[in-house]
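First the structure, in the form of C-alpha cells, and then the observations on it.
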Amino acid sequence: MISFEPLLSAIFPKNCGCCGDSFKEGLSNVLCRPCFDSIQPYGDPVCRHCGIPLPAGAFEDAAQVRCRDCGDGPYFLDKVRAFGPYAGALRISHHAFKFEGMESLKGDIAAKMVQAAPPDFWEGVEALAPVPLSPERERERGYNPALLLAQELSLKVGIPLRRLLFKGRSTKPQMSLSRKERLQNPRGAYQRARGEPSLQSVLLVDDVFTTGATLEECAKVLKKGGAGWVGALVFGRTPHHTV
Ligand SMILES: [Zn+2]
Ligand SMILES: [Zn+2]
C-alpha cells in the first residue's frame, strides 16, 4: 500500500514550537518528543502549599515546610505537588491541550503528573476530584482539561475519579487577572455536587497552579463538607506568586 505520510510531511512539515526543528513523532503537531521529555520535574524539597521548590537542606522536616510567600497559613489545602515550572515546553504543551483543542495530549501530560508525586502521595486518597468548569464554560470549550487529566490519572494510579464539586457560575480566567483579583475571583463559585458522598481524603486535580485561590476555594468546600485531608496535583506551576 502506498503511504502518503512522507508526502504529507513534505507539504505540511511539523515544526516544534519549542526548538523549531521539524519532527515526525511528537505531541500532536506542537512539540517534538525530545523537547517534551526534557522538561525537568521539580525535585524535593517543595513548598507543601504551592509546590514551588525550596532551597535544599536546612529543614528538619522538609515535608512540612512552606515557602516564604505562603507563610504560615491557615490553609485548607494540606499538600500540593506540581510537575514543573509553567514555561518553555510545558507551557506550549499546556496551551495546546487547554486552548487549542488538543485533547490527545492528556495521556502525556498525566504521565508527567504521576512523576511529580512521590509514591506516598497517593496513600489513603479515596478519590481524585477534578476542579470543575461551569457548565457554560465547559460547553464553550467542549471539554474540561482538569477532568481529562483526572480520568487519565485515575487509570494510571487506580484511584477512582469522582466529580465531587460543581461550579455554579463562570468566573474570569485566572490568568487574565491581577494577583488581588485572582484571590477574590473564585470565592463562592464552587459547591459540593449533589448526590456525591462526603469523603475523608480527596486529591484535587487541575492543570495549573497560579495563586492557588481556585484550589483553596475547592478545598474549603470539601473540608466544610467533612473532608479531613485535601491535596492537589497539577501539571504546571507559575514561577512566582506575583506572575
Ligand atoms: Zn523540539
Ligand atoms: Zn508556597
Side-chain angles (χ1 to χ4, degrees), residues 9 12-97 100 102 104-105 108-109 111-113 116-118 121 131 174-175 179-180 182-183 186 203-204 206-220 229-243:
S9 303
F12 304 111
K14 293 187 275 193
N15 283 94
C16 174
C18 192
C19 68
D21 288 353
S22 62
F23 66 94
K24 285 184 184 161
E25 294 290 321
L27 275 78
S28 189
N29 59 354
V30 290
L31 271 183
C32 72
R33 179 64 57 185
C35 277
F36 188 66
D37 289 345
S38 72
I39 307 171
Q40 288 300 308
Y42 286 142
D44 282 318
V46 296
C47 168
R48 62 181 290 216
H49 180 250
C50 73
I52 211 158
L54 300 163
F59 303 115
E60 224 165 81
D61 185 359
Q64 296 303 319
V65 175
R66 293 195 184 104
C67 72
R68 208 168 46 186
D69 284 339
C70 290
D72 294 331
Y75 294 111
F76 293 100
L77 284 167
D78 292 286
K79 193 181 274 187
V80 175
R81 290 298 299 221
F83 173 73
Y86 189 72
L90 189 153
R91 186 178 185 152
I92 293 166
S93 61
H94 172 263
H95 196 274
F97 171 61
E100 296 166 32
M102 293 184 199
S104 60
L105 304 193
D108 285 302
I109 292 176
K112 295 279 190 203
M113 291 168 77
F121 192 74
V131 171
Q174 287 290 83
M175 284 193 175
R179 172 165 164 74
K180 198 176 163 198
R182 283 172 187 176
L183 295 173
L203 186 69
L204 290 162
D206 208 358
D207 50 352
V208 175
F209 185 109
T210 308
T211 58
T214 298
L215 286 165
E216 265 296 311
E217 188 69 18
C218 290
K220 179 172 91 180
W229 184 93
V230 179
L233 180 62
V234 300
F235 180 42
R237 167 78 177 84
T238 55
H240 303 289
H241 281 309
T242 47
V243 168

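All values derive from a computational prediction rather than experimental measurement. Position 1 is the first residue of the sequence, and the numbers go up from there. Whatever order the structure lists ligands and atoms in, that order sets their numbers, starting from 1.
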D44: what forms a salt bridge (charged side-chain N to carboxylate O under 4.0 Å, His left out) with it, not counting sequence neighbours? R81

Sorted by chain and number, protein N/O/S atoms nearer to the Zn ion (ligand 1) than 2.8 Å are C16 SG, C19 SG, C32 SG, C35 SG

Pairing residues for F76 by the ring-ring contact (aromatic ring centres under 6.0 Å, His included) criterion, not counting sequence neighbours: none

Restricting to ring-ring contact (aromatic ring centres under 6.0 Å, His included), what partner residues turn up for Y75, sequence neighbours left out? H49

Apex the Zn ion (ligand 2); atoms C47 SG and C67 SG; angle rounded to 10 degrees: 120°

Contact summary for L77 and E216, nearest pair of heavy atoms: N-OE2, 3.0 Å

Closest heavy-atom pair, L90 versus G236, reported as atoms and distance to 0.1 Å, is CD2-CA, 3.8 Å

Output yes if H49 passes the N/O/S-under-2.8 Å test against the Zn ion (ligand 2); output no otherwise. no

Audit row: I109, F97, side chain to side chain contact (heavy atoms under 4.5 Å, CB included) steps and yes/no: CA-CA 9 Å; I109 292 176; F97 171 61; 3.8 Å; yes

Yes or no on side chain to side chain contact (heavy atoms under 4.5 Å, CB included) for K112 and D37, after CA distance, side-chain angles and deciding distance? CA-CA 9 Å; K112 295 279 190 203; D37 289 345; 4.1 Å; yes

